[in-house]
Amino acid sequence: MAMFSQNPLMNGPNYSFNEGPKVNAPEGARQHRFDPYTDNGGSTLAISGADFTIMAGDTRLTSGYSINSRYHPKVFKIGGTTADQHDATLCLSVVGFAADGEALKERLDAICKMYQYRHGKPMSVKACAQRLSTILYQKRFFPYYVYAILGGLDEEGKGAVYSYDPVGSYEREQCRAGGAAASLIMPFLDNQVNFKNQHVPGSGEGHALQERERKPLTRSEVEILVKDVFDGAVERHIEVGDGLQMMVITKNGIEEIFLPLKED
Amino acid sequence: MFRNNYDNDSVTFSPQGRIFQVEYAAEAVKQGSVVVGIASKTHVVLVAIKRNAEELSSYQKKLFQIDEHVGIAIAGLTSDARVLSNFMKQQCLGHRLTYGRNMPVRSLVDMIGSKAQINTQHYGKRPYGVGLLVAGADENGPHLFEFQPSGMTEEMVAFAIGARSQMARTYLEKNLDAFANCGREELVRHGLKALKESLVQDKELTVENTSVAIVGVAKAKDGTTKTEPFKVFDGQDVNAWIESVADDKEPAAGEGEGMDVDDA
Amino acid sequence: MDHRPQAWGRPRDDVYGAYDASYLQTSGPKNATQSPVVTGTSVIALKFKDGVVMAADNLASYGSLARFTDVKRLRVFLDSSIIGFGGDVSDMQYLDRHLNELAIDEAYDNDPSTVPSDGTSPPGTLNAANLHKYLQKLMYKRRNDFDPLWNQLLVAGLDADAKPYLASIDLRGTTFTSPTLATGFGSALAQPIMRRYASTEEQAASRTREEAIEVAKECMKVLYYRDARSLDRYSIAVVTKEGVELKQDELLERQSWAFAERIRGYGTQTV
């Protein structure tokens with residue numbers, strides 16, 4: 001069971017409501033130690049297209065079996081010049097420990113704002129992606145317990161998605177799911193976005209079997225896919241639900257879409 | 001070389017009770033090109049004359065955005081201004097991070113006041129050689145502050161600092177009563193007219209040498225007040241304003257020289 | 001007699017034994033709260049169309065002992081926000097002192113000409129949303145230092161747009177908002193009742209002050225019956241743009257354990 005763990009510290013099962021770290025103490029003796037982490041559940045997702053990127057996350061916030069909030073967004077605009085981020089060009093999604101997520105978001109945003117102040121232009125996704133990795137790694141031995149995904153448009157105007165582990169390893173990808181239901185969503189995405197395990201019918205057997213040609217999805221296809229993905233995740237994971245928040249990043253700016261999910 | 005025995009440092013009073021280093025710093029402000037600021041009930045404008053050191057060089061920037069809701073105009077040593085500007089930027093970001101709001105302009109100005117004062121009371125330190133006009137809008141509406149190297153700060157309805165700024169101040173004093181009810185555009189025109197008063201003989205306002213900045217509060221559709229973010233206008237963006245205060249225009253508009261009256 | 005100056009004024013070893021300086025050692029692990037000691041139980045709060053209602057009982061428990069029965073766990077900030085404290089009472093009192101300092105600093109920044117005569121806060125003073133952000137930063141810093149303030153806080157008041165604001169902060173710095181919130185046992189016992197009253201922001205915005213108070217009282221009663229660490233004396237506060245109305249010595253009404261006699265199926269009774 002431990003092999004499915006997404007918790008780098010506890011190496012426990014993939015449920016947020018399992019018990020905290022065990023203390024080596026004699027039988028019966030109990031020591032109450034402060035555990036600085038919790039898992040607040042939820043799931044995120046990012047898919048890049050030819051000239052857009054869509055970032056999404058559910059809006060449920062849990063601790064254990066309790067739903068703390070039904071509306072707690074996990075996807076944020078980053079690097080705008082004003083507090084309402086009306087001119088932002090980047091999006092960051094954070095899932096895992098909510099307080100660390102909030103801190104990470106605010107830190108990256110402040111860094112983007114200083115960059116804009118010093119250089120007179122917004123940060124590129126590539127630069128921001130590298131910087132985010134540094135921020136995470138700086139806390140290598142007391143990590144931000146979050147799975148971050150950064151989205152935007154690259155220098156050529158193509159959709160860009162960068163995904164991270166809690167200590168800053170990162171890579172640019174076509175799509176990525178993060179958080180509680182990541183292990184449910186990611187294989188589905190491999191199949192639906194990167195056409196993994198899809199073949200041209202009747203093209204042969206074994207090595208002769210041809211893979212289905214990959215081509216980027218359109219915006220409307222991705223929007224439908226994202227909704228389907230989350231409807232599926234809600235059915236199979238108790239920590240996912242309530243609302244779906246979607247950020248569509250295009251050259252005209254960032255559009256925010258909110259759709260309901262099941263509240264059970 | 002020395003003017004007297006009491007101007008070697010800023011910790012020694014002269015027998016007349018003066019601190020010459022601080023007064024010399026105030027002289028540095030008068031070397032800078034003129035900047036004008038005016039506040040109405042809804043807006044603050046800053047206008048400035050930019051200088052180029054020689055024909056081949058670019059024009060020195062005079063107006064700087066500090067945060068969404070604050071900006072400054074500088075007269076004096078640009079590099080000293082940059083130190084203050086960076087400090088103010090950091091304070092505003094920090095305040096936004098801890099309280100989630102725009103930093104009150106008065107607190108911000110008080111902070112640079114205290115910072116500058118320290119330089120006037122410690123051996124081996126040098127006062128800032130720059131004066132500022134700080135324009136901002138917060139919960140209490142728009143504000144204009146003057147800042148001097150001595151650490152003195154004061155809220156103003158309208159003010160001008162820099163070379164030949166007395167002429168501009170005279171214009172402002174004459175039209176003082178009109179400012180409170182001025183609209184955005186009207187206020188810019190008053191600023192430019194004041195600026196023209198301070199120009200040397202055969203100099204004129206051009207798109208190259210004129211900067212305008214505006215910050216204010218605007219009523220949103222739902223009745224709440226929102227800040228109109230601080231924005232600097234340069235080049236062709238100020239052309240229309242310059243033309244509207246051109247010398248040949250004024251008699252046609254029926255406005256006597258320096259005798260504008262409130263049209264509200 | 002030892003005449004060396006180093007020995008002047010010191011207790012004599014032959015009388016008192018050698019001085020043990022080990023406790024002066026500053027190295028080694030720093031002591032921090034590892035568990036709460038005297039604790040307050042649930043705080044509940046719910047929004048209505050013009051503001052927020054918050055309630056908490058007046059008990060501070062020492063484990064299962066009802067140690068202090070007159071501890072006020074709701075605190076008013078700048079006449080415009082309320083904070084409800086669950087968890088460790090000493091940390092609550094620390095926060096209370098800290099907030100007093102913050103309120104004084106904030107008052108210094110006020111322009112006297114803008115202070116309204118009706119006792120409400122002038123524009124630009126810290127509202128509930130600002131206060132919540134500040135407390136979140138404080139709690140999160142303390143958790144980063146592994147020296148947490150062992151509380152869960154509810155912050156209620158109005159935001160920058162004068163809309164009702166309600167949010168929670170816990171000892172790890174985690175925050176969230178919801179139309180209704182409860183800490184501790186309240187999250188299991190009171191939250192379902194309050195969500196029946198308003199499960200969405202829209203529903204909360206259509207509820208009246210009277211309805212909100214009614215539900216809060218109902219929740220306090222359920223908590224008194226089912227939370228063993230609770231009390232029938234409680235505080236209740238209502239915050240609107242007119243200010244804060246705080247009552248600190250309320251008694252639960254129309255409550256009775258008479259129904260317990262009719263319970264069958266437990267204990268020794270046979271029928």
Side-chain angles (χ1 to χ4, degrees), chain A residues 59 61 69 71-92 94 97-123 127-128 131-132 134-136 138-139 142 144 146 148 253-254 256 258, chain B residues 58-72 78-79 81-105 108 136-139 211 213-218 220-222 224-235 237:
Chain A
T59 65
L61 184 114
S69 177
Y71 185 69
H72 187 88
K74 292 176 183 60
V75 193
F76 305 99
K77 297 178 187 173
I78 289 285
T81 55
T82 59
D84 61 10
Q85 303 278 10
H86 73 282
D87 54 355
T89 54
L90 303 173
C91 271
L92 176 74
V94 283
F97 174 37
D100 275 351
E102 176 93 0
L104 180 65
K105 171 208 98 182
E106 289 189 351
R107 216 166 130 195
L108 190 67
D109 188 45
I111 284 167
C112 286
K113 282 187 162 67
M114 277 317 285
Y115 183 100
Q116 166 107 22
Y117 171 69
R118 293 214 178 102
H119 298 86
K121 62 176 185 191
M123 219 168 181
C128 194
R131 189 69 183 85
L132 178 54
T134 321
I135 294 169
L136 289 164
Q138 276 173 351
K139 272 172 70 73
F142 183 26
Y144 285 119
V146 287
I254 303 175
E256 189 169 0
F258 184 79
Chain B
S58 62
Y59 288 79
Q60 189 66 256
K61 271 188 77 180
K62 297 284 284 178
L63 306 179
F64 298 89
Q65 178 166 25
I66 296 298
D67 199 34
E68 188 176 332
H69 67 301
V70 191
I72 54 171
T78 310
S79 35
R82 193 161 51 235
V83 174
L84 285 170
S85 165
N86 286 345
F87 174 78
M88 291 166 85
K89 176 88 184 170
Q90 290 291 352
Q91 292 304 319
C92 285
L93 268 179
H95 193 94
R96 190 179 296 284
L97 234 43
T98 25
Y99 298 103
R101 65 169 183 181
N102 291 338
M103 187 166 190
V105 187
L108 180 65
D138 59 25
E139 302 276 320
S211 270
I214 305 176
V215 63
V217 287
K221 274 163 242 149
D222 57 352
T224 55
T225 51
K226 287 266 179 288
T227 41
E228 179 188 333
F230 186 90
K231 190 166 192 292
V232 182
F233 299 88
D234 280 306
D237 295 337

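Treat the numbers as computed from the prediction; the structure is a model and nothing was measured. Chain naming here is simple, since letters A, B, ... match the order of the sequence lines and numbering starts at 1 in each.
Between the side chain of B/T227 and the main chain of B/P229, no donor-acceptor pair closer than 3.5 Å is present. Looking at B/E228, its side chain never comes within 3.5 Å of a backbone N or O of B/A218 through a donor-acceptor pair.
For the atom pair B/K231 NZ and B/E68 CD, the distance stands at 14.0 Å (nearest 0.5 Å). The distance from atom NZ of B/K61 to atom CG of B/D234, rounded to the nearest 0.5 Å, is 7.0 Å. With values rounded to the nearest 0.5 angstrom, A/K74 atom NZ is found 13.0 Å from A/L92 atom CG. Taken to the nearest 0.5 Å, the NE2 atom of B/H69 stands 9.5 Å off from the CZ atom of B/R101. To the nearest 0.5 Å, the span separating SG on A/C128 from CD1 on A/I135 amounts to 7.5 Å.
Closest approach of B/S211 and B/L63 over heavy atoms only: CB-CD1, 3.5 Å. Across all their heavy atoms, B/F230 and B/F64 have their closest contact at CE2-O, 3.6 Å.
Within residues 98-109 of chain A, the residues approaching chain B closer than 4.5 Å by heavy atoms are, in numerical order, A/E106. Of all residues spanning residues 76-86 of chain A, those with a heavy atom less than 4.5 Å away from chain B's heavy atoms are A/T81, A/T82, A/A83, arranged by number. Among residues 88-99 of chain B, the residues having any heavy atom closer than 4.5 Å to a heavy atom of chain A are, in sequence order, B/K89, B/Q90, B/L93, B/R96, B/L97.
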Inset, instruction - I would like to know whether A/Y144 and A/V94 meet side chain to side chain contact (heavy atoms under 4.5 Å, CB included); could you show each step before the answer? - result: CA-CA 10 Å; A/Y144 285 119; A/V94 283; over 6 Å; no
Inset, instruction - Report the C-alpha distance between B/D67 and B/M103 in whole Å, list the side-chain angles of each, state the deciding distance to 0.1 Å, and finish with yes or no for side chain to side chain contact (heavy atoms under 4.5 Å, CB included). - result: CA-CA 9 Å; B/D67 199 34; B/M103 187 166 190; 5.8 Å; no
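Looking at heavy atoms from C-beta onward, B/F233 lies in side-chain contact with B/I214 at the 4.5 angstrom threshold.
Partners of B/S85 under the side chain to side chain donor-acceptor pair (under 3.5 Å) rule, at least two apart in sequence or in another chain, are A/Y117.
Of the two parts of B/N102, neither the backbone nor the side chain holds a non-hydrogen atom closer than 4.5 Å to a non-hydrogen atom of chain A.
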